[in-house]
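Before any comments, here is the structure.
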Protein chains: 2
Amino acid sequence: MATLKDIGTELGLSTATVSRALNGFPEVNAKTRDKVRKTADKLGYRPNRSAQRLVTGRSGMVGMIVKIRPDLSADQTFVEILTGLTAALAKRDTDLVLAVDQDPDPVAAYKRMLERDMLDGFILNAPVPQDPRVDFLTQAGVPFVMHGQCRNDAAYPFYSIDNQGVSAEAVGMLTALGHKRIALLNGDPGHAYAADRLAGFAAAMRSADLRVPVAFMAGAAPSESFGYAQALAMLAGQHGTPPTAFVCASTLIAAGVMQAVEDRGLRVPDDVSVIAHDDALPQTRAINFSPALTVTRAPLRDACAPLANHLIDHINGTPARALQTLLRAELIRRGSTGPVPSGGEMPWPST
Amino acid sequence: MATLKDIGTELGLSTATVSRALNGFPEVNAKTRDKVRKTADKLGYRPNRSAQRLVTGRSGMVGMIVKIRPDLSADQTFVEILTGLTAALAKRDTDLVLAVDQDPDPVAAYKRMLERDMLDGFILNAPVPQDPRVDFLTQAGVPFVMHGQCRNDAAYPFYSIDNQGVSAEAVGMLTALGHKRIALLNGDPGHAYAADRLAGFAAAMRSADLRVPVAFMAGAAPSESFGYAQALAMLAGQHGTPPTAFVCASTLIAAGVMQAVEDRGLRVPDDVSVIAHDDALPQTRAINFSPALTVTRAPLRDACAPLANHLIDHINGTPARALQTLLRAELIRRGSTGPVPSGGEMPWPST
DNA sequence: GGAAATTTTCAAAACGTTTTAAATTTGGCA
DNA sequence: TGCCAAATTTAAAACGTTTTGAAAATTTCC
């Protein structure tokens, strides 16, 4: 492998000049730079990463640790995210070192990885409301970026959609259509995103002067069967007068809900309105629903590049506060929402 | 961060001795080693990977590039494999650098990664019968290990199950039970494993003096719906007299087959025998089938540690020929296979 | 007690890059 | 021509480890 020295001796230059020429420093003569570049090409020069890292103190690697979860849907998004992340990181000359974790202690894997390796930072996903990793890494002085947002005090870079806003948007649209009995079929509120959806939902309902029966707020793994079972129970009146609208944490849940509506002999949107949040994964396309699904939309893959860039900017010194993105989801009206049916105006007593 | 020098000055020793003490060289005094170890602990010493790599010429990283595939089942195994691999590699102080690839050129991603990085080797998965990556990496002198086995000439380390043997075992068992009309529901023969299953199946049938109608050998993505559709068609006699036994490339296919058998009002194993190859993934457990599924079993997770070790041994100089493992799958008889039904002895004309 | 053999330690070089501080060359201007 | 400033280049140090060849310390043996 050709080194800086090889190029230097070939041209009668010092390694210092060669290094500067290749790294685009301004103080090197244009002709020299040209010559250096040509010879570098000719010799097939590739900088030795280890040497660069030794002197810069950077490893050019960031870590990501994924918890294995029995639930299938996680895998779907995982591969999707992985694709985008590695591509975005590669553009900034950074590699992704991956580990899979089974330890019950949420920070153990991070400790191990920091010991074993020289990592410039971490990408964190699937935050819980008070995420212990945030405190640990902050205290250890290790840069990281969070995909999502948690409720810790520390200031850290993140990229998240406005999950409270997602619920507010959905509720706002439904109340404008006259709906008053609205159900939330949420993800597991142990996850930060679901906790925020719940908070946003409750706040929006309150400010619309509506009360939410607890039985209309269900949360679990956002699966189709969960949506089906919950919707069926609610429509059967098992939790009081049935809702006229469902706000779903995922399109998968919405699929279950629509099946339940059909099985009860009802129709969407005439009898029941359905709105969901859409991560725009390739598997369940909201537009292929029948009727097409009204959604708040925020493609997951859009998060990859910002995440990578936030992290690397932070590593390079940009303060955390300047790297906090809260993205508003886009509301897309399609066929699954409509005016409240005539029997539906009957309000609940407001709070 | 404490360095070798810090430990050295603290104890009045040279960095050379400290290095040797920590790396377990025999020529260092036991007491010295103890002292060194203690101070290393006290100062929280961690070797600087970049420095180690610079001098050893090793990066301590191996790469793995995964092709994204639309098909879901791949993701399942992917996470499983990833878990095992990172764990096994960590034991040998090695990291996994992961990239996801979309390039139609099968070696482009490898070229890119070799340019960008200093990698000690690669883990290859999902081989095709004549795999272009093998030739490319062999010629480039980059060590690798193959999960699976392809038909290239080059000698390379691999860890694979004996896929021809898998089919032979299944056919052998079924013919012993009197079956003569046996169908193979295979994976996509564009993949090496499926090509081998097919070859093994054909050879075993021939040596049992049986003929296989081409229509009894179907291959595609090993999904449940594929198994269902194919089995239904065959049982309906669409491809000639129905088979009395199915050899399935996966338990997922077998699930589809058993559904098809039931839907035709037949019973397993009285009317139809079913045997599958079982990767022992957590999702579809062969023992939970009804009746429990007879399988050739070779847990995928068992491949992870051997793969990691083969690769690292090869990097350390062990010749490829000594690192070629072909694992025999275990035959487990359960309830889904039985003697051929009375109408089933009618033989086809043998070849 | 001393030479020889053995064990243990050390100083220095090497890996390939970046960066600092100093040296050299170039160009402008009087 | 000579001087000063600017532009360009260089030598050398630094990063933290491993490894080589030699030196020092210790043990063994007669």
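Naming: A, B, ... by sequence-line order, numbering from 1 per chain. Given the structure is predicted, the values throughout are model-derived calculations rather than measurements. Below, each value reflects all heavy atoms present in this structure, side chains not excepted, and no hydrogens, waters or symmetry copies.
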*Would you please classify the geometry between the B:H310 ring and the B:Y159 ring as parallel, tilted or perpendicular, with 30° and 60° separating the classes?*
perpendicular
*Return the nearest nucleotide to the side chain of B:L54; candidates are D:dT18, C:dT19, C:dC15.*
C:dC15
*In whole angstrom, what separates A:R49's CZ from D:dT17's P?*
22 Å
*Whole angstrom value for the distance that separates C1' of D:dA23 from CG of B:L13*: 16 Å
*Can you find a side chain N or O atom of A:S19 that sits less than 4.0 Å from OP1 or OP2 on C:dT18?*
yes
*asked:* Please tell me if A:T17 has a side-chain N or O lying less than 4.0 Å from either OP1 or OP2 of D:dT10.
replied: yes
*Nucleotide of C:dA12, C:dT9, D:dT17 approaching B:E27 most closely (side-chain heavy atoms)*: C:dT9
*Listed nucleotide nearest any side-chain atom of B:V55, set D:dT9, C:dT17, D:dG16*: D:dG16
_Does D:dG16 have OP1 or OP2 under 4.0 Å away from a side-chain N or O of B:Q52?_
no
_B:Y110 ring center within less than 6.0 Å of B:F136 ring center_ = no
*asked:* From CG of A:N29 over to C1' of C:dT24, roughly how many Å is that when rounded to an integer?
replied: 14 Å
*Between D:dT18, D:dG21, C:dT18, spot the one nearest the side chain of B:T56, thanks.*
D:dT18
_D:dT9 phosphate, OP1 or OP2, under 4.0 Å from A:T32 side-chain N/O_ = yes
*B:V28 has a side chain; which of D:dT19, C:dT9, D:dG16 sits nearest to it?*
C:dT9
*Atom CG of B:L22 to atom P of D:dT17: distance rounded to whole Å?*
9 Å
*Counting side-chain heavy atoms from CB outward, which of C:dT17, D:dT17, C:dA11 is closest to A:L4?*
C:dT17
*Hey, is the main chain of A:D105 close enough, under 3.5 Å, to the side chain of A:D103 for a donor-acceptor pair?*
yes
*Verify, without hydrogens or angle tests, whether A:T83 (side chain) and B:V100 (backbone) share a donor-acceptor contact under 3.5 angstrom.*
no
*CA sep, side-chain torsions, deciding dist, call: A:H147, A:L300, side-chain contact (heavy atoms from CB on, under 4.5 Å)*: CA-CA 10 Å; A:H147 186 199; A:L300 257 189; 3.6 Å; yes
*For the side chain of A:R20, starting at C-beta, report the closest nucleotide among C:dA21, C:dT17, D:dT19.*
C:dA21
*Taking the nucleotide of DNA chain C with the closest heavy atom to each, which residue, B:A51 or B:R33, is nearer the 5' end?*
B:R33
_B:Q130 side chain to B:R151 backbone, donor-acceptor under 3.5 Å_ = yes
*Spacing between B:R58 atom CZ and D:dT17 atom C1', to the nearest angstrom*: 15 Å
*Between D:dT18 (C1') and B:R53 (CZ): distance, integer Å*: 15 Å
*Pick base, sugar-phosphate or nothing for A:S14, based on heavy-atom distances below 4.0 Å to the nucleic acid.*
base
*Length of the line joining A:L11:CG and D:dT10:P, which is rounded to integer Å*: 10 Å
*Look at A:N48 and C:dC15 and indicate whether a side-chain polar atom (N or O) is within less than 4.0 Å of OP1 or OP2.*
no
*If you look at every strand shown and take non-hydrogen atoms under 4.0 Å, does A:G12 touch a base, only sugar-phosphate, or nothing?*
sugar-phosphate
*Could you state the CZ-P distance from B:F25 to C:dC10, rounded to the nearest angstrom?*
16 Å
